[in-house]
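Below is one structure; the comments refer to it alone.
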Amino acid sequence: MKSTILTLKKQKEEGNKITMLTAYDYSVAKLIDAAGIDIILVGDSLGMAMLGYEDTLPVTMEDMIHHTACVSRGAKDAFVIADMPFMSYQTSVYDAVYNAGRLIKEGHAQAIKLEGGASVCEQIKAITKTGIPVCAHVGMTPQSTNAFGGFKVQGKDIQKAKQIVEDALSVQEAGAFMVTLECIPEKLASFITEILDIPTIGIGAGNGCDGQVLVYQDMLGMFTDFKPKFVKYFANVGDAMTKAFESYRDEVKSGAYPAKEHTFKIDDEIMEDIYKEYR
Ligand code: KIV
């Protein structure tokens, strides 16, 4: 059954945890969809996990549309959310609505996600008015890495903790259907989850959220440049891939691959004619 904003809201009401993973291409989206994950996020983590940038800031609208369209073709039941990249919505309400529309029309996402609290409420109101569901994102918002002085846990002092509570309440008020809580203390995230009507999705925010999200390369042990505290390796796919690449290298060099069963046949008479003419 296709996940929708209604089924996701019901999951919160029933205490049925929401599962979300990132994907950036068709084949991984298909695997995640087949595993029964509720939401696929085409995150701007694309910049680091797929494109090799140091942060998410260089990611463009064209990057996001291209990868969102690939994911949408592979997602049958999962609800697809596309991230709005840095400077595609902060600049004006017009830009926000226009670019959100492109992610839906050209990327075929069902919703968009943008970062920020009170400062982006005008954008959230305008986008939702057009009929596009908005997932907000508060706490450690990676597009503000320079303002935070790095990817650091947010909300540990009273002022910042209050600010995050206010941000979460204001994005709900502005019309967001869901909010991501990134890298904030577990008790703060649990409290926000308790006071909001909309579902919360945590990443580095503990177990009290309505759901969880991880970058798929992180949870598969494929991205090992660094390992945030909240990441758990559910498999060591990175090691398995390296071993497979090494076996391929060895078998090609030794001639063990391709074997007879991997090759196509031709009639001997045809080859005799070819030899006669060209040898
Ligand atoms: O870009 C992303 O993948 C995200 C998640 C980490 C929440 O925003």
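Hydrogens, waters and symmetry mates play no part in the numbers below; they use all other heavy atoms, side chains included. Just so you know, ligand 1 is whichever comes first in the structure, and atom 1 is the first atom listed for that ligand.
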Exercise. Ion pair present between K276 and E272, side-chain N to carboxylate O less than 4.0 angstrom?
Worked result: no

Exercise. Salt bridge or not for K125 and E122, using N-O below 4.0 Å?
Worked result: yes

Exercise. Should the ring pair F177 and F79 be called parallel, tilted or perpendicular, given that the plane angle runs from 0 to 90° and is split at 30 and 60?
Worked result: perpendicular

For this session: Would you please classify the geometry between the Y94 ring and the Y98 ring as parallel, tilted or perpendicular, with 30° and 60° separating the classes?
Result: parallel

For this session: Verify side chain to side chain donor-acceptor pair (under 3.5 Å) between T242 and D239, making sure each step is shown before the conclusion.
Result: CA-CA 5 Å; T242 303; D239 283 350; 5.4 Å; no

Just the distances, no angles: every ligand 1 N or O to protein N or O pair closer than 3.5 Å, one line each.
from     : atom 1 : to   : atom 2 : distance (Å)
ligand 1 : 1 (O)  : D44  : N      : 3.2
ligand 1 : 1 (O)  : D44  : OD1    : 3.0
ligand 1 : 1 (O)  : S45  : N      : 3.0
ligand 1 : 1 (O)  : S45  : OG     : 3.3
ligand 1 : 1 (O)  : D83  : OD2    : 3.1
ligand 1 : 3 (O)  : S45  : OG     : 2.5
ligand 1 : 8 (O)  : K113 : NZ     : 2.8

Exercise. Is the charged tip of K232 near the ring of F234: under 6.0 Å from the six-membered ring centre and within 45° of its axis?
Worked result: yes

